[in-house]
Amino acid sequence: MSVRVRFAPSPTGYLHIGSLRTALYNYLFAKHHGGVCILRIEDTDRTRFVEGAIEEQIESLRWAGVVFDEGPHVGGNYGPYVQSERFPLYREYGMKLVASGHAYYAFDTAEELDAMRQRQQNAGIAPKYDRATMRNQYTVGEAETQRLLAEQAPHVIRLKVPLTAEIRFHDEVRGDVVMHGREIDDQILLKSDGFPTYHLANVVDDHLMEITHVIRAEEWLPSTPKHVLLYEAFGWKPPVFAHLPLLLNPDRSKMSKRHGDVMVHDFRGKGYFPDALVNFVAFCGWNPGTEQEMFTLEELCSAFTLERVAKAGAVFDYKKLDWMNGEYLRKKDVAELTSALLPALQERRYPYIEPDYVSSVISLLRERVAFLHDITEFGDYLFGDVLQDVEGSALADLRADDAFVTALRAWRDTVTDEDLADHDRFKGLAEGAAAAGGLKLGKFMKPLRLVITHRDVGADLFPTLKLIGKRRCIERIDSFLS
RNA sequence: GCACCGUUCGUCUAGAGGUUAGGACACCGCUCUUUCACAGCGGUAACACGGGUUCGAGUCCCGUACGGUGUACCA
């Protein structure tokens, strides 16, 4: 049987970076096995629905390269792929469970449930639905149950967890897991508004959609026994489970926005490359067992296996992500980078943004920054002639430095286009000018950089000045001297 | 509180009984150099603790500690 996996987000907002990782692992697993990766929207909680969230999440995923074989946006033979469009189904399956004695009606109000939890808390016992004392099918009796149903009293359907059972399941990441029935709550399957909870909907859909492997985050591990019980109650074969380690904040709590950006949308906006982000996130909780760290999506597909997924949560290291983004920046095709950068340069109305010129600037500066867009500010003196202000009295001090001014004039008065086109000639010219002021080369070059770029750091001065050209160099020197 | 999961350098991790415990990021130093980077070289730095099992445990078992997740008519 071929592999069928699903990524099942709920449309409550932007796509979380952890969700991207989960989606990615599902995708990689499917592609590794020549299987199918499905997108299913879990919108059973209408109160949390956010308009546009589905489209945003699909777009974030698409940007990252995670695409689906089936889903609400591409169709498929197992649809609909949005749970709100499948509601009658869950009711039907819920009733089957009631009929077979695996689930039951309960009529408790929210207040009654709160009071129950309060009592339990006061008594120091675990909060859990008390089937023996609350208002349900068993305590009120069959006749009363039928009467309440007939008068349409608000009710839910709960899973009847066998109190003495030991629920066992195998997890591909964690091994065998055992939990006792007495620890498991009689989970609500169908809410009083008739909508299913996640627990029912996900089991029904995974079965109907013939999902073979459920790959999801570790936070689902504690509720997996409920799902196993549901598969048993329906007489269905459960899928293989694999619970992924969590992405963590620096304090090791579940990754949240309190410690930085967590939405894929944010990473995209900050200028991370999708392939860099995917490469990085793939390594949060998985590694190939070799020393190779740079992987294309295709390489990840062929290398990825569940056996190599780690058990422990991974702190999300923003610094390493930045490093990796820089690695991609240095490796990428310059033409591609040029067209990606051009719009931002146009927006800033820089005058010198001929594509070939921009390509040269990118090649020159990309080793010094982690993001492509850093180049727009880092190289402002290359794209335009309006230089940034220099802090303090550095320029005035230089103007008062006779030795330097003498050297600078010598350079200005003798520089030719040929000098700027040939490294040896450039060096000879600089040495000659420095000597004219009685300076060592280094004592001349650094101030020269400041005068022409208004920066004290940057790429090699020779290629920098070559790009700026003789005319613009002289203009800047004259402006400095006047 | 209870249940479950986890624990190798600061961080991501390799390691499937015998290793000088390896790599990457970060950090520090050196080299290169007109600066900052890049690159190269080098360095600091880890098996949570206690018991077992074994000739021999980072690796297997038990316990403890610590951490995380869950404990909703959320997903």
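The model shown is predicted, which means the values in this text are computed figures rather than measured ones. Chain identifiers are assigned alphabetically (A, B, ...) following the order of the sequence lines, protein sequences preceding nucleic acid strands; residue numbering begins at 1 within each chain. Just so you know, these numbers use all the heavy atoms, side chains as well, and skip hydrogens, waters and symmetry mates.
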Paired with [N] by Watson-Crick or G-U wobble geometry, both distances under 3.5 Å: which nucleotide is it?
{"N": "B/A16", "value": "none"}
{"N": "B/G1", "value": "B/U71"}
{"N": "B/U54", "value": "none"}
{"N": "B/C27", "value": "B/G43"}
{"N": "B/U7", "value": "B/A65"}

Given the [atom1] atoms of [N] and [M], what is the spacing between them in whole Å?
{"N": "B/A26", "M": "B/A46", "atom1": "C1'", "result": "15 Å"}
{"N": "B/C25", "M": "B/U34", "atom1": "P", "result": "27 Å"}
{"N": "B/C60", "M": "B/G15", "atom1": "C1'", "result": "15 Å"}
{"N": "B/U20", "M": "B/U54", "atom1": "C1'", "result": "24 Å"}
{"N": "B/A65", "M": "B/G22", "atom1": "P", "result": "33 Å"}
{"N": "B/U64", "M": "B/A3", "atom1": "P", "result": "11 Å"}
{"N": "B/G1", "M": "B/A21", "atom1": "C1'", "result": "40 Å"}
{"N": "B/A57", "M": "B/A72", "atom1": "C1'", "result": "45 Å"}

Select from A/Gly313 and A/Leu441 the residue whose nearest nucleotide in RNA chain B is closer to the 5' end of that strand.
A/Gly313
Specify the residue among A/Ile125 and A/Gly289 whose closest nucleotide of RNA chain B lies further upstream toward the 5′ end.
A/Ile125
Indicate yes or no: does [X] engage [Y] in a salt bridge with an N to O separation below 4.0 Å.
{"X": "A/Arg119", "Y": "A/Asp130", "value": "no"}
{"X": "A/Asp374", "Y": "A/Arg368", "value": "no"}
{"X": "A/Arg117", "Y": "A/Asp114", "value": "yes"}
{"X": "A/Lys470", "Y": "A/Asp419", "value": "no"}
{"X": "A/Asp205", "Y": "A/Arg6", "value": "no"}

Pairs: protein N or O with nucleotides 28-31 of chain B N or O, under 3.5 Å:
none

Shortest non-hydrogen separation from A/Thr296 to A/Glu299 and the atoms involved:
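Nearest heavy atoms, A/Thr296 then A/Glu299: N-OE1, 2.8 Å.
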Within the structure shown, what part of the strands sits under 4.0 Å from [X] by heavy-atom distance: base, sugar-phosphate, or nothing?
{"X": "A/Glu327", "answer": "sugar-phosphate"}
{"X": "A/Val369", "answer": "nothing"}
{"X": "A/Asn202", "answer": "nothing"}
{"X": "A/Asn287", "answer": "sugar-phosphate"}
{"X": "A/Gly326", "answer": "nothing"}

Between [options], spot the one nearest the side chain of [X], thanks.
{"X": "A/Val457", "options": "B/C5, B/C36, B/A24", "answer": "B/C36"}
{"X": "A/Arg308", "options": "B/C25, B/A14, B/C4", "answer": "B/A14"}
{"X": "A/Asp317", "options": "B/C25, B/C36, B/U13", "answer": "B/C25"}

With sequence neighbours left out, write down each residue that passes ring-ring contact (aromatic ring centres under 6.0 Å, His included) with [X], or none if nothing qualifies.
{"X": "A/Tyr272", "result": "A/Phe267, A/Phe371"}
{"X": "A/Tyr231", "result": "none"}
{"X": "A/His213", "result": "A/Phe29"}

Calculate the interatomic distance between [X] atom [atom1] and [N] atom [atom2]; express it in whole Å.
{"X": "A/Phe462", "N": "B/U35", "atom1": "CZ", "atom2": "P", "value": "17 Å"}
{"X": "A/Leu364", "N": "B/C38", "atom1": "CG", "atom2": "P", "value": "15 Å"}
{"X": "A/Arg366", "N": "B/A39", "atom1": "CZ", "atom2": "C1'", "value": "15 Å"}
{"X": "A/Trp323", "N": "B/G10", "atom1": "CH2", "atom2": "P", "value": "20 Å"}
{"X": "A/Arg368", "N": "B/U33", "atom1": "CZ", "atom2": "C1'", "value": "10 Å"}
{"X": "A/Asp460", "N": "B/C32", "atom1": "CG", "atom2": "C1'", "value": "11 Å"}
{"X": "A/Glu183", "N": "B/G1", "atom1": "CD", "atom2": "C1'", "value": "12 Å"}
{"X": "A/His243", "N": "B/C4", "atom1": "NE2", "atom2": "P", "value": "15 Å"}

Report, as a single string ordered 5' to 3', how protein heavy atoms within less than 4.0 Å touch nucleotides 60-75 of chain B: B base, S sugar-phosphate only, - not at all.
--------SSSSSBBB
With distance as the sole criterion, do the side chain of A/Lys319 and the base of B/A26 form a donor-acceptor contact below 3.5 Å?
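No such pair is found, so the answer is no.
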A/Arg174 (side chain) and B/C5 (base): donor-acceptor pair under 3.5 Å:
no
Kindly indicate, with the supporting measurements, whether the criterion side-chain contact (heavy atoms from CB on, under 4.5 Å) is fulfilled by A/Leu297 and A/Leu24.
CA-CA 9 Å; A/Leu297 230 206; A/Leu24 178 66; 4.0 Å; yes
Return a table of donor-acceptor pairs under 3.5 angstrom between the side chains of residues 435-451 of chain A and protein atoms on other chains or two or more places apart.
residue	atom	partner	partner atom	Å
A/Arg449	NH1	A/Ala459	O	3.0
A/Arg449	NH2	A/Ala459	O	2.9

Evaluation steps, salt bridge (Lys or Arg N to Asp or Glu O under 4.0 Å), between A/Arg46 and A/Asp193:
CA-CA 11 Å; A/Arg46 324 89 59 214; A/Asp193 60 7; 2.6 Å; yes
